[in-house]
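Below, all heavy atoms of this structure are taken into account, side chains as well, without hydrogens, waters or symmetry copies.
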Amino acid sequence: MFALIWKDLILEARRRETVTSLFILGVLILLVFNFAIDIQSDNVAELAPGLLWASIVFSAMLGLSRTFLVERENGCMTALLIAPLDRGSLYIAKFSVNLLLMLVFEAMLLPIFILFFDLPVAGKLLNLIVVIFAGSIGLSSIGTLFALAALGTRARELMLPLIVLPLQVPLLIAAVKATSMVLDGASLGELGIWGTMLAAFGILFATVGWLTFEFISVD
């Protein structure tokens with residue numbers, strides 16, 4: 001499993017295609033929102049969280065299937081599936097790589113987000129990072145779970161968002177609400193049900209993915 005993670009990270013470090021593409025798309029989405037919506041100092045805490053997560057989600061759809069697509073293009077997918085390796089471990093490896101790539105992309109996007117919307121994040125940045133990290137676990141876990149299944153279809157670029165986005169609605173609601181509360185000055189302990197949903201979603205789908213990937217990963 002660790003060899004698979006290391007291999008994917010080395011390949012991505014050499015190409016830099018996925019993170020660069022995610023970052024450019026994320027910035028473009030934020031740029032469009034910045035000019036399309038009249039955001040003032042009195043409503044920025046209400047609007048900015050939704051815009052941030054819209055940018056993250058739509059950008060992530062571009063990159064979640066990349067780790068499997070590379071294996072299929074190189075003719076390695078069948079070898080991975082017939083290898084004497086627990087497919088749950090294969091899921092954890094791909095999930096970990098997707099999560100790391102998302103975190104790198106978000107680390108690049110967050111300063112742009114703060115700059116575009118002139119957000120006062122002093123004393124709130126650490127809590128904001130924790131919320132984004134928890135949301136990223138949920139996005140990566142469910143995206144990785146269905147990325148291989150969508151990859152086997154003809155319209156794979158269309159199928160993955162159609163499958164994943166409806167399932168991510170509870171996560172996105174919780175992520176937007178938690179982010180809004182953090183920007184308003186709430187601590188992590190004050191997030192209540194939204195923080196619980198955010199954490200539970202990631203744990204639930206990471207576990208479900210690990211247990212069921214064997215039945216989904218049919219080449």
Side-chain angles (χ1 to χ4, degrees), residues 18-66 98-143 157-158 160-188 190-202 205:
T18 302
V19 173
T20 303
S21 300
L22 295 182
F23 176 68
I24 293 174
L25 180 57
V27 171
L28 288 176
I29 293 173
L30 288 180
L31 186 63
V32 170
F33 282 140
N34 190 44
F35 285 101
I37 300 176
D38 183 22
I39 299 179
Q40 305 295 334
S41 58
D42 58 340
N43 64 5
V44 64
E46 297 177 2
L47 297 178
L51 304 183
L52 172 65
W53 283 102
S55 177
I56 290 175
V57 168
F58 287 116
S59 300
M61 290 300 105
L62 181 68
L64 284 173
S65 62
R66 282 294 304 169
N98 281 334
L99 178 60
L100 287 172
L101 293 178
M102 281 191 64
L103 293 177
V104 172
F105 150 66
E106 289 160 355
M108 297 166 62
L109 186 68
L110 188 57
I112 305 297
F113 168 70
I114 294 171
L115 178 64
F116 274 4
F117 300 107
D118 193 22
L119 291 169
V121 295
K124 309 171 187 175
L125 186 58
L126 181 58
N127 291 342
L128 181 60
I129 291 173
V130 172
V131 169
I132 293 175
F133 176 73
S136 300
I137 293 175
L139 291 175
S140 181
S141 61
I142 192 171
E157 294 85 1
L158 179 63
L160 182 60
L162 287 177
I163 296 172
V164 170
L165 286 177
L167 297 174
Q168 289 178 343
V169 169
L171 170 68
L172 296 178
I173 293 173
V176 170
K177 292 290 187 181
T179 303
S180 180
M181 292 176 67
V182 165
L183 292 178
D184 279 335
S187 66
L188 295 177
E190 295 172 334
L191 296 182
I193 187 173
W194 303 119
T196 302
M197 284 180 60
L198 202 57
F201 194 98
F205 273 96

Subject >> Distance, nearest 0.5 Å, that separates CD1 of Ile29 from CD1 of Ile56 >> reply: 10.0 Å
Original post:
Just wondering, are more than 12 heavy atoms of other shown residues or ligands nearer than 6.0 Å to CD1 in Ile37?
Top reply: yes
**OP:** Enter the distance from Ser59:OG to Leu30:CG here, rounded to the nearest 0.5 Å.
**Re:** 8.0 Å
Original post:
Within the side chain of Ser180, is there an N or O that forms a donor-acceptor pair under 3.5 Å with the backbone of Pro49?
Top reply: no
Mind listing the side-chain donor-acceptor pairs of residues 110-132 below 3.5 Å, one per line with the distance, residues two or more places apart or on another chain?
from: Lys124; atom 1: NZ; to: Pro120; atom 2: O; distance (Å): 3.3
from: Lys124; atom 1: NZ; to: Leu183; atom 2: O; distance (Å): 2.7

Original post:
Between Glu190 and Gly185, which heavy-atom pair has the shortest distance, and what is it?
Top reply: OE1-O, 4.5 Å
Original post:
Got a donor-acceptor contact below 3.5 angstrom from the Ser141 side chain to the Ile137 backbone?
Top reply: yes
Original post:
Which residues pass the side chain to side chain contact (heavy atoms under 4.5 Å, CB included) test with Thr196, sequence neighbours left out?
Top reply: none
Subject >> Smallest separation among heavy atoms of Leu109 and Gly26, with atom names >> reply: CD1-C, 3.7 Å
Original post:
What's the spacing between Ser136 OG and Asn98 CG if we round to 0.5 Å?
Top reply: 11.5 Å
Original post:
Taking atom CD1 of Ile173 and atom CH2 of Trp53, what is their separation to the nearest 0.5 Å?
Top reply: 13.5 Å
**OP:** Look at atom CZ of Phe23 and say whether more than 12 heavy atoms of other residues, nucleotides or ligands are closer to it than 6.0 Å.
**Re:** yes
Original post:
Do you know the tightest heavy-atom contact between Phe33 and Ala54?
Top reply: CE1-CB, 4.1 Å
**OP:** Please examine the side chains of Leu139 and Leu172, heavy atoms only from C-beta on, and report whether any two atoms are closer than 4.5 Å.
**Re:** yes
Subject >> Gap separating the CZ atom of Phe201 from the CD atom of Gln168, nearest 0.5 angstrom >> reply: 6.5 Å
**OP:** Could you tell me whether a side-chain N or O of Ser55 sits under 3.5 Å from a main-chain N or O of Leu51, the two making a donor and an acceptor?
**Re:** no
Original post:
Between atom CE of Met197 and atom CG of Leu191, what is the distance when rounded to the nearest 0.5 Å?
Top reply: 12.5 Å
